[in-house]
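A short worksheet on the structure shown next.
No experiment lies behind these values; they were computed from the predicted model shown.
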Amino acid sequence: IPTMLLQTLVENAVKHGIGCIVSGGELIICGGVKEGRCILRISNPGSLKSGVNGTGVGLKNARMRLQRLLGNDASLHIFEKDGLVLAEMNIPARRDDRDHTS
């Protein structure tokens, strides 16, 4: 997983998700490898509301980093499902020690 990408996604979930809910909420981070792909998912209660509380710069930068590191072999999607906002990153699972800090 590229350095600091997880932190960016968690900060986004807190700032634009549970941080906006008076009662707070649960932030869930899960990941695994399936069919040679590393899938990381961050979820929090809430909804996606276009133009509310953000400019989208953090997510845009995260997508650009993934694109620069892995090209079209990586994706980052944000979506709603069952009252949750989910950020899902999908990258190749690698066993080598390549530097992913860019």
Side-chain angles (χ1 to χ4, degrees):
I1 297 173
T3 304
M4 301 301 289
L5 188 66
L6 177 59
Q7 180 176 338
T8 299
L9 297 175
V10 169
E11 285 179 353
N12 196 65
V14 171
K15 181 178 180 181
H16 302 291
I18 62 176
C20 298
I21 300 171
V22 174
S23 60
E26 183 176 45
L27 183 120
I28 299 171
I29 303 168
C30 62
V33 176
K34 182 178 181 180
E35 299 175 3
R37 307 288 299 172
C38 176
I39 300 170
L40 179 69
R41 184 179 276 183
I42 295 93
S43 64
N44 58 275
S47 66
L48 294 173
K49 294 180 181 174
S50 182
V52 176
N53 291 331
T55 61
V57 171
L59 293 174
K60 179 180 176 183
N61 288 342
R63 284 186 179 107
M64 287 174 45
R65 284 189 62 222
L66 284 174
Q67 178 71 32
R68 189 171 63 241
L69 289 169
L70 300 165
N72 292 331
D73 205 17
S75 65
L76 175 59
H77 298 286
I78 311 297
F79 58 97
E80 270 185 68
K81 183 177 180 182
D82 301 327
L84 297 174
V85 174
L86 299 107
E88 185 174 279
M89 181 188 67
N90 187 318
I91 62 174
R94 296 184 181 194
R95 292 180 165 229
D96 61 17
D97 293 324
R98 293 181 192 174
D99 182 14
H100 295 287
T101 59
S102 299

* Are L9 and L86 joined in one hydrophobic group, where the rule is that I, L, V, M, F, W and Y side chains link up if heavy atoms are under 4.5 Å apart? -> no
* **Atom pair CD1/CE of I1 and M89 - distance to nearest 0.5 Å** => 4.5 Å
* I18 vs P45 side-chain heavy atoms within contact, under 4.5 Å -> yes
* **Residue pair E80 / G46: nearest heavy atoms and the distance that separates them** => OE1-O, 4.3 Å
* To do: Calculate, to the nearest 0.5 Å, the distance between atoms OG1 and CZ belonging to T3 and R65 respectively.
  => 6.5 Å
* Nearest heavy-atom neighbours spanning A13 and N44 -> CB-OD1, 3.3 Å
* Asked: Hey, quick one: are M4 and I29 part of the same hydrophobic cluster, counting side-chain heavy atoms closer than 4.5 Å, chains of contacts allowed?
  -> no
* To do: Could you tell me whether the side chain of R41 and the main chain of I28 form a donor-acceptor pair under 3.5 Å?
  => no
* Quick one: pull up CG in L5 and CG in L40 and give me the separation to the nearest 0.5 Å. => 7.5 Å
* Would a hydrophobic clustering, with Ile, Leu, Val, Met, Phe, Trp and Tyr connected at side-chain separations under 4.5 Å, put I39 with L6? -> no
* How many angstroms lie between atom NE2 of H16 and atom CD1 of I78, to the nearest 0.5 angstrom? -> 10.5 Å
* Measuring from N90:CG to D73:CG, what's the distance to the nearest 0.5 Å? -> 8.5 Å
* **Heavy-atom side-chain contact between N72 and Q67 under 4.5 Å** => yes
* Might you work through the side chain to side chain contact (heavy atoms under 4.5 Å, CB included) test for V85 and I42, ending with a clear yes or no? => CA-CA 8 Å; V85 174; I42 295 93; over 6 Å; no
* To do: With the side chain counted from C-beta on, respond yes when T8 and N61 share a heavy-atom pair under 4.5 Å apart, and no when they do not.
  => no
* Honestly curious: do L84 and L76 fall in one hydrophobic cluster under the side-chain, below-4.5 Å linking rule? -> no
